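Remarks on the structure that follows.
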Amino acid sequence: MPELPEVETLARDLDRLVAGVEIAAVETCWSRSVAIPTAEELAERLPGCSITGVRRRGKFLILSLSDSSDLLVHLRMSGQLRVEPASCSPDGHARVIFQLADGRQLVFSDTRKFGRIYWTRDLREVVGDLGPEPLGDGLTVEAFSAALACRRGAIKPLLLNQRFLAGLGNIYTDEALFLAGVHPLRRANSLTAEETERLYRAIRTVLGQAIASRGTTLDDERYLDAEGWPGSYGERLRVYRRAGEPCPRCGEAIERIVVGGRGTHLCPRCQDATPPSKHAAPASGSHQGTTA
DNA sequence: CTAGGTGCCTGATTGC
DNA sequence: TGCAATCAGGCACCTA
């Protein structure tokens, strides 16, 4: 599933590939892919506009247009955005096709039809409720710590909450919690200062490494970049979809449980479900530390 | 605020 | 072999 690293990769590629190019026509094959306003209106209003730049906010891709409006795309589970020559025959799952004035096309393809396209003159209408960027300067460890302190629920569903933090999905949440040595069911406000800092750094480490690897493409998940290439972070995943395999840190078998209705992967030895008591011996091994 | 449920979808998997 | 039931999963939306 496309999460922050995949969307970031796509945004960088698209900015390189289509910034400055004019949209000639919009063809919609599945009208429900257009969340706002309507497929008809897109076809009517976008032709003639140029794409001035492409960036990311949370898991949203933002294509800025020359008339100062923005076209946003959320890929959800199976969405893909691909740039190809207009001569390419349509993919069976193409939902919206943007014909470009230079003879190429930008295709939004989406097997499961969960992805959505938004066109607006006010970004807040779409991304206004998103929490901070995990890799942004604004999110200091102090701010992260303060935010955790006033939440009583389990840490994993909180990290998945886009209003709390924008961009994490199931894969990178499991990976970050493992790297930090924090059990997904721990109450957010029960984390010690050390655990909070480890988690903060683990999130940034995992996302940074995944971006460097151009994202995760699993066998049955068809994330591909704008030119159709897979990401290579799948081979570096430590726990996600590795139930039964040995923990890379201690060798214990990785477990799969369900948290908040989502498949969750963890090492039962490295990620303790009970908060450390204040006067107990300090934590043993080194979580995070080196991230080979 | 928190926790749980449903619907949206389709391809893969499992069961018989 | 074939067909039906089940499941995954991000997010909006609803109820308690």
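Below, chain A is the first sequence line, B the second, and so on; all start at residue 1. The structure displayed is predicted, hence computed values, not measured ones.
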Legend entry - Phosphate-side-chain proximity, A:H93 and B:dG11, N/O vs OP1/OP2 below 4.0 Å: yes
Legend entry - For atom CG of A:L148 and atom P of B:dC1, their distance in whole Å: 15 Å
Legend entry - Minimum side-chain heavy-atom gap A:I203-A:L168 below 4.5 Å: yes
Inset, instruction - Using atom CH2 of A:W30 as one end and atom C1' of B:dT10 as the other, report the distance to the nearest whole Å. - result: 11 Å
Inset, instruction - Could you check A:R201 against A:T205 for side chain to side chain donor-acceptor pair (under 3.5 Å), going step by step and ending with a plain yes or no? - result: CA-CA 6 Å; A:R201 288 196 311 189; A:T205 298; over 6 Å; no
Inset, instruction - Would you mind classifying the nucleic acid contact of A:R151 as base, sugar-phosphate or nothing, using non-hydrogen atoms under 4.0 angstrom? - result: sugar-phosphate
Short heteroatom pairs, N/O only, protein and nucleotides 4-6 of chain B, under 3.5 Å:
none

Inset, instruction - Figure out the CG/C1' separation between A:L75 and B:dT10, and round it to whole Å. - result: 17 Å
Legend entry - Side-chain donor-acceptor pair present, A:N161, A:K156, cut-off under 3.5 Å: no
Inset, instruction - Round to a whole Å and report the spacing from CG of A:D110 to C1' of B:dG11. - result: 13 Å
Legend entry - A:E133 and A:R56 ion-paired at < 4.0 Å: yes
Inset, instruction - Report yes if at least one side-chain N or O of A:R163 is closer than 4.0 Å to OP1 or OP2 of C:dC11; otherwise report no. - result: no
Inset, instruction - Verify whether one side chain among A:D122 and A:T120 offers a donor that lies under 3.5 Å from an acceptor in the other. - result: no
Inset, instruction - Take atom CZ of A:R95 and atom C1' of B:dT10, then tell me their distance rounded to the nearest Å. - result: 9 Å
Legend entry - A:L139 with A:L158, same ILVMFWY side-chain cluster at under 4.5 Å: yes
Legend entry - Length of the line joining A:L159:CG and B:dT2:P, which is rounded to integer Å: 13 Å
All N/O contacts under 3.5 Å from nucleotides 7-10 of chain C to the protein, with atom names and distances to one decimal?
| residue | atom | partner | partner atom | Å |
| --- | --- | --- | --- | --- |
| C:dG9 | OP1 | A:Y240 | OH | 3.4 |
| C:dG9 | OP2 | A:G263 | N | 3.2 |
| C:dG9 | N2 | A:R112 | NH1 | 3.3 |
| C:dG10 | OP1 | A:N170 | N | 3.4 |
| C:dG10 | OP2 | A:R262 | NE | 2.4 |
| C:dG10 | O3' | A:K59 | NZ | 3.4 |
| C:dG10 | N2 | A:R76 | NH1 | 3.1 |

For residues 22-37 of chain A, tabulate all N or O donor-acceptor pairs below 3.5 Å that involve a side-chain atom, not counting sequence neighbours.
| residue | atom | partner | partner atom | Å |
| --- | --- | --- | --- | --- |
| A:S33 | OG | A:W30 | O | 3.4 |

Inset, instruction - Give a yes or no on whether A:L177 and A:L185 share a hydrophobic cluster (residues Ile, Leu, Val, Met, Phe, Trp, Tyr; joining criterion: side-chain heavy atoms under 4.5 Å apart). - result: no
Legend entry - Side chains of A:I62 and A:V73 in contact at under 4.5 Å (non-hydrogen atoms): no
